[in-house]
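Given the structure is predicted, the values throughout are model-derived calculations rather than measurements. FYI, side chains are in, hydrogens and waters are out, and symmetry mates aren't considered; it's all heavy atoms of this structure.
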Amino acid sequence: MPSHPLDNPFHSALGSIHAGLALRHGEVARYPAGFAPFLAIPHAGVDMREGLDALLPAGDDVLMLGVLPDRLPDGWRLEPFADLAQMHCDRELAVIDGPEIVELQEAHRADVLALTALVYPHYFRPRTMDLGRYFGMYVDGRLAAMIGERLGAPGFREMSAICTHPDVLGRGYARRLTAFLTNRTLRAGNIPFLHVAYSNARAKALYERMGYRLRRDIAFAGLWRELR
C-alpha cells in the first residue's frame, strides 16, 4: 500500500479534501462523472467486481493514477498509458508581469469550458471548477489562459488545467499563472504538485526552469467495460 499520499492521488483526494463528493462501493471510490473521470483503489489487490458494477455504468470510462489493479473481473479492460511525471515545488517563484489575474467564478464557467474543450479535453468536466479555486487572465475580452486546484491531501495541492489559448501562446501566461498559484499554495502551508506527460516536453521543461522538480514517475491508465 502506498506510504505517501501523492503515490495514490485520486484515492488520497477522495479520502480527504473531496471526501464529501466520493462515490464508494467497498474499497472502490470515484468522483461523480460531472466532476472528474477518476476512479481509485487503496491497493493493487482490491477485488473490484462489485465496485465496478455499482459505480461504472456502461459507456462511462474512467482514469486511474498511481495504484492500478493487479487483476480485473471479466468484462473489463485496463489500458496503461505512458507514465506521467509527478513534480513538486518547495520554494516561491518569481511572478512575471502580465494581464490581471482574476479568480474564476460561476459567471466565467462558460469561458472556462470553452477553453478547456479546445486545449484540455478529456479531463475537464462541467463541475471540475467546483473541486478548488481556478484563476485566469482575460485578453481582449477572451479567457486567454487559466490554472486551478484539483487533487490534494492534507499538506498538498495540485496545480491543474494549466492551459493557454493557441492564439496567445509564447507570451508567458502559463508561467505567470503557475508561479502565482504556486506561491499562494506555499503561503497556505501546502506543497504544490502537478502532473505532466513526458510527451509534453515544452511544458515539462517550463516547470523545471521555474523550479519544479520530479518527485516520481507515476502510472496512468484508462479503465472501461468491454463491449459484448
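Checked by atom type and distance alone, the side chain of R215 never pairs as donor or acceptor with a backbone atom of F193 at under 3.5 Å.
For residues 88-101, every residue pair satisfying the side-chain hydrogen bond (donor to acceptor under 3.5 Å, both in side chains) rule, not counting sequence neighbours, is listed here: E92-R187. The stretch residues 142-158 participates, sequence neighbours left out, in these side-chain hydrogen bond (donor to acceptor under 3.5 Å, both in side chains) pairs: R133-E149, R142-D167, R150-E158, R150-S160, E158-H195. Judged as a side-chain hydrogen bond (donor to acceptor under 3.5 Å, both in side chains), the pairs with a partner in residues 47-73 (not counting sequence neighbours) are, in order, R30-D60.
The nearest pair of heavy atoms linking R24 to A29 is NH1-CB, 3.4 Å. For H25 against L55, the heavy-atom pair with the smallest separation is N-CD1, 3.9 Å. Listed here is the closest heavy atom pair of F10 and A40: CB-CB, 3.7 Å. Of all the heavy atoms in C163 and V119, the pair that sits closest is CB-CG2, 3.5 Å. Residues P166 and L118 come closest through the heavy atom pair CD-CD2, 3.6 Å. Here the shortest heavy-atom pairing between L63 and G222 reads CD2-CA, 4.0 Å.
Both L52 and V67 belong to a single network of hydrophobic side chains, linked directly or stepwise wherever heavy atoms of I, L, V, M, F, W or Y lie under 4.5 Å apart. Cluster membership for L143 and L169, using ILVMFWY side-chain heavy atoms within less than 4.5 angstrom, is not shared. Using a 4.5 Å cut-off between side-chain heavy atoms of Ile, Leu, Val, Met, Phe, Trp and Tyr, with links allowed through other members, M64 and Y123 fall into different hydrophobic clusters. Under the 4.5 Å side-chain contact rule for hydrophobic residues, Y120 and F38 share a cluster. With hydrophobic clusters built from ILVMFWY side chains whose heavy atoms lie under 4.5 angstrom apart, V62 does not share a cluster with F220.
The side-chain heavy atoms of L56 and W76, taken from C-beta on, include a pair separated by under 4.5 Å. Using a 4.5 Å heavy-atom cutoff, the side chains of T164 and R171 are not in contact. In this structure the side chain of T128 never reaches within 4.5 angstrom of the side chain of T116, judged on heavy atoms. Annotation: side chain of D7 is in contact with side chain of R216 (closest heavy-atom distance under 4.5 Å). E226 is not listed as a side-chain neighbour of D74, based on a closest heavy-atom distance of 4.5 Å or more. Two residues are said to be in side-chain contact when any heavy atoms from C-beta on lie closer than 4.5 Å; L223 and R77 fail this criterion. In this structure, H108 and Y138 have side chains that are in contact, with non-hydrogen atoms separated by less than 4.5 Å. The shortest distance between side-chain heavy atoms of I41 and H11 does not fall below 4.5 Å.
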Can I191 and F156 be said to form a side chain to side chain contact (heavy atoms under 4.5 Å, CB included), step by step? CA-CA 5 Å; I191 296 295; F156 302 93; 3.8 Å; yes
Go through the steps for Y134 and F124 under the test ring-ring contact (aromatic ring centres under 6.0 Å, His included), then give the verdict. CA-CA 12 Å; Y134 282 78; F124 209 93; 5.8 Å; yes
Report the C-alpha distance between L14 and L21 in whole Å, list the side-chain angles of each, state the deciding distance to 0.1 Å, and finish with yes or no for side chain to side chain contact (heavy atoms under 4.5 Å, CB included). CA-CA 7 Å; L14 286 166; L21 296 174; 5.5 Å; no
Determine, stepwise, if the pair L78 / W224 fulfils side chain to side chain contact (heavy atoms under 4.5 Å, CB included). CA-CA 7 Å; L78 184 76; W224 61 88; over 6 Å; no
When you look at L131 and L151, which way does the side chain to side chain contact (heavy atoms under 4.5 Å, CB included) test go after all the steps? CA-CA 8 Å; L131 298 178; L151 306 177; over 6 Å; no
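Hydrophobic clustering, defined by side-chain heavy atoms of Ile, Leu, Val, Met, Phe, Trp and Tyr closer than 4.5 Å, groups I162 together with M87, L93, I101, F135, M137, V139, I147, M159, V168, Y173, L177, F180, L181, L194, V196, L206, Y207, M210, Y212. Cluster note: Y198 groups with L214 through ILVMFWY side-chain heavy atoms spaced under 4.5 Å, whether in direct contact or through intervening members.
Few gaps surround CZ on R176; more than 12 heavy atoms of other groups in view lie less than 6.0 Å from it.
Applying the side chain to side chain contact (heavy atoms under 4.5 Å, CB included) rule to A153 yields the partners P5, S12, S16; only residues at least two apart in sequence or on another chain are considered.
For the atom pair CZ of R184 and OG1 of T182, the computed distance is 12.0 Å after rounding to the nearest 0.5 Å.
Screening N8, L6, L65, D83 against I218 for a side-chain contact (heavy atoms from CB on, under 4.5 Å) leaves a single residue, L65.
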